[in-house]
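We count residues from 1, following the sequence as given.
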Amino acid sequence: MLILHTEQLFSITLKDLNEASVKITGILREDMIGTDFLNYFTEPQKAREVYQQVFEKNFVADYPLTIRHINGKLTDVLYNASLYKDNYGKVLGVIATARDVTQQKLLEKKLIEYKHFFNHSADFSCIANTQGYFEILNPNFEKVLGYSEKELLDNKFVYFVHPDDVESTQKEVDKLKTGAVTINFVNRYRKKDGNYLWFDWNATPDTATGKLYAIARDITEKKKAETNLIQLSLELARSNQDLEQFAYIASHDLQEPLRTISSFVQLLDKNKSETIDEETKEYFQFITKATDKMKNLIRDLLAYSRVGKSIELSTVDCNIILKEVIAEMDTSIKESKAQITSAILPKVKGNEVQLKKLFQNLISNGIKFRKKNSIPEINISVEEKETEYVFAVKDNGIGIEDKNIDKVFLLFQRLNSETEYSGTGIGLAICKKIVAMHGGKIWVDSKMGEGSAFSFTLPK
């Protein structure tokens, strides 16, 4: 409160003032008393006009002025003033009060800026109050949801939320009451036609006013894509399961007729060898060779179908696995005089049987596809990265043509003559499936005549 004494119409001399006036100007009370208070306003002439109105109308209400602090800080105020008279009606001065509206003006300015932003934003922007009602909405709400502005403002915002999402939405909003600076949540918002849109919300409170400033992005199409992807994944999983089941059953059931064919051919060859001519014997050899090939295909197909059928993970020491693989491959290693070297390998979370098969297939591959008149050299190395290990099995074999790099991991893909290199073309497909079941990936770098390096990752 200011108690002002007027000596003349345009001279406003301070007679007394309160501590709030001292705070707003930064000048001591005793230094301000006796001075012209108009000097403390940013626009003295405007302030002079205010007091002139007081004398003409006996009072002035909510007149906007700005007071300057000695450090330069400005405070916006609304002034109310009236004449101060004695018992005989003689004017003794003016009593004035000022209400600090600086924050209010900043908010108004902010609201103007927000409204400009709202009206030009591609998202859904709004301001809500502590009672749960919208106060300001950008045009997208009306345009997309189909409601009128009045319908949107007259109902609490949770009124438009899908019933299944109301509880989770309210929990997120309640976090603001416990001091959360910002919240992010997803819910479904009802359109006037009854359909729902998926909204991704980001909201933050204004601590001064309690208002909630929020922006929502329409992610309906993204949600549809995610749902479709999940559906496709489930269908693919079912399809793969059915395919594996079919492969297992078909392979299992095919073994019996093959054994029958092979047995009868052997019996005929044994019991009728003296009466069978050479051409027939040659036919028997073709049949035997074909049944042996089919047996191998069935065996490998069964092995492929079993990968990942029942996977149990445990901590596996790859050094022990490699040692066991080398021991089991002792015959082929000695026959080929292969030289196998290895770095110290890590322990990983995996399936011991499958990882053993993985190393066995890759080492066997390096021995099988060696260059003529050369000793196979196979090196197993590993590189530790932040979230995974990168293994590499490198050989000095015949290598792979660039055009065939993408084919090596496909089922039944043979890149070399069967008479030159035996096999069914399933080994590397099994490797790929094993690595995938462990959450890793596998690839090969190779040059014709210079060998190949099969690399695969296993998560830590």
Quick one: do Arg29 and Asp16 satisfy side chain to side chain contact (heavy atoms under 4.5 Å, CB included)? Show the steps, please.
CA-CA 8 Å; Arg29 176 175 173 273; Asp16 202 357; 2.9 Å; yes
Does any part of the side chain of Leu14, heavy atoms only, come nearer than 4.5 Å to the side chain of Tyr40, both counted from C-beta?
yes
CG of Asp402: more than 12 outside heavy atoms within 6.0 angstrom?
no
Minimum heavy-atom separation for Asp123 to Ile215, with atom names?
CB-CG2, 3.7 Å
Looking at Lys224, is its backbone amide N or carbonyl O close enough to the side chain of Asn228 to form a donor-acceptor pair, meaning the two atoms are under 3.5 Å apart?
yes
Expected output: side-chain Lys371 to main-chain Gly449 donor-acceptor under 3.5 Å
yes
Approximate separation, where rounding is to 0.5 Å, of Leu145 CG and Asn195 CG
11.5 Å
Using the rule given for side chain to side chain contact (heavy atoms under 4.5 Å, CB included), can you reason through Arg48 versus Asp36, listing the C-alpha separation, both sets of side-chain angles and the distance that settles it, and then say yes or no?
CA-CA 11 Å; Arg48 225 176 266 279; Asp36 188 347; 4.1 Å; yes
Is the terminal nitrogen or CZ of Arg190 (NZ for Lys, CZ for Arg) located under 6.0 angstrom from the six-membered ring centre of Tyr159 and within 45° of that ring's axis?
yes
Are Phe160 and Tyr147 near enough that their ring centres are under 6.0 Å apart?
yes
Determine yes or no for a side-chain-to-main-chain donor-acceptor pair under 3.5 angstrom, with Thr457 supplying the side chain and Val390 the backbone.
no
Short question: side chain of His438, backbone of Asn351 - any donor-acceptor pair under 3.5 Å?
yes
For the residue pair Asn18 / Ser21, report whether a side-chain donor-acceptor contact shorter than 3.5 Å exists.
yes
Between the main-chain N or O of Ala203 and the side-chain N or O of Thr182, is there a donor-acceptor pair closer than 3.5 Å?
yes
Under the side chain to side chain contact (heavy atoms under 4.5 Å, CB included) rule, what do Ile367 and Met329 come out as? Steps first, then yes or no, please.
CA-CA 10 Å; Ile367 293 174; Met329 296 181 64; 3.9 Å; yes
Looking at Lys356 and Glu352, is there a salt bridge between them, counting it only when a charged N and a carboxylate O are closer than 4.0 Å?
no
Please step through salt bridge (charged side-chain N to carboxylate O under 4.0 Å, His left out) for the pair Glu167 and Lys171, ending with a clear verdict.
CA-CA 6 Å; Glu167 185 178 353; Lys171 281 183 180 179; 3.8 Å; yes
Give a yes or no answer on whether the side chain of Thr204 reaches the backbone of Val181 with a donor-acceptor pair at less than 3.5 Å.
yes
In terms of side-chain geometry, is the basic nitrogen of Asp165 or Arg188 positioned less than 4.0 Å from the acidic oxygen of its partner?
yes
Would you find more than 12 non-hydrogen atoms of other residues, nucleotides or ligands less than 6.0 Å from Asn71 atom CG?
yes
Test item: Lys432 side-chain N/O and Val408 main-chain N/O as donor-acceptor pair under 3.5 Å
no
Working to the nearest 0.5 Å, report the span between CZ of Phe199 and OG1 of Thr220.
7.0 Å
Is it the case that over 12 heavy atoms from other parts of the model lie below 6.0 angstrom from the CD atom of Glu30?
yes
Name the one of Val435, Ile442, Val382 that satisfies side-chain contact (heavy atoms from CB on, under 4.5 Å) with Phe391?
Val382
Supply the atom-to-atom distance Lys223 NZ to Tyr196 OH, rounded to the nearest 0.5 angstrom.
16.0 Å
Is the shortest side-chain heavy-atom distance between Leu83 and Phe55 below 4.5 Å?
yes
State, to 0.1 Å, how close Leu176 and Pro205 come at their nearest heavy-atom pair, and which atoms those are.
CD2-CD, 3.7 Å
Side-chain ion pair, Glu49 and Lys46, N-O less than 4.0 Å
no
Starting at CG of Leu322, measure out to CD1 of Ile344 and round the result to the nearest 0.5 Å.
12.5 Å
Identify whether the distance between the nearest side-chain nitrogen and carboxylate oxygen of Asp86 and Lys90 falls below 4.0 Å.
no
Over all heavy atoms of both residues, which pair between Leu17 and Met32 is shortest? Give the atoms and the distance, please.
CD1-SD, 3.6 Å
Tyr189 side-chain N/O to Phe157 backbone N/O, donor-acceptor pair under 3.5 Å
yes
Shortest non-hydrogen pair, Ala343 vs Ser381, comes out as CB-CA, 4.3 Å
Within the 4.5 Å heavy-atom criterion, are Leu358 and Ile321 side-chain neighbours or not?
no
Could you report the tightest heavy-atom contact between Ile33 and Lys15, atom names first, then the distance?
CG2-O, 3.8 Å
Is there a side-chain contact between Leu355 and Leu458, using heavy atoms and a 4.5 Å cut-off?
yes
Distance-only, no hydrogens or angles: does the Asp62 side chain make a donor-acceptor pair with backbone N or O of Leu78 under 3.5 Å?
no
Is there a side-chain contact between Glu142 and Leu137 in this structure, where contact means two heavy atoms from C-beta onward sitting under 4.5 Å apart?
no
Atom NZ of residue position Lys460 - does it have more than 12 heavy atoms of other residues, nucleotides or ligands inside 6.0 Å?
yes
Give a yes or no on this: more than 12 heavy atoms of other residues, nucleotides or ligands lie within 6.0 Å of atom NZ of Lys192.
yes
Quick one: closest heavy-atom pair of Ser452 and Ser446, and the distance?
OG-OG, 2.7 Å
Would you give the length of the straight line joining atom OG1 of Thr25 to atom CZ of Phe41, rounded to the nearest 0.5 angstrom?
10.5 Å
Exercise: do Glu151 and Asn155 side chains pair donor with acceptor under 3.5 Å:
no
Just to verify, which of Ile378, Val444, Asp395, Leu428 counts as forming a side-chain contact (heavy atoms from CB on, under 4.5 Å) with Leu362?
Leu428
Is there a side-chain contact between Leu65 and Glu43, using heavy atoms and a 4.5 Å cut-off?
no
Check against side chain to side chain contact (heavy atoms under 4.5 Å, CB included), Ile434 and Asn361:
CA-CA 11 Å; Ile434 291 173; Asn361 281 2; 5.6 Å; no
Hey, does Cys318 have a side-chain heavy atom less than 4.5 Å from the side chain of Val348?
yes
salt_bridge(Asp200, Arg217) N-O dist < 4.0 Å
no
Nearest-0.5 Å distance, CD1 of residue Ile320 to NZ of residue Lys323
8.0 Å
Under a 3.5 Å distance rule, please check whether Asp206 uses its side chain to pair with a backbone N or O of Lys211 as donor and acceptor.
no
Only one of Phe134, Trp201, Phe141 forms a ring-ring contact (aromatic ring centres under 6.0 Å, His included) with Phe124, so which one is it?
Phe141
Are Lys349 and Thr315 packed together at the side-chain level, in the sense that at least one heavy-atom pair is separated by less than 4.5 angstrom?
yes
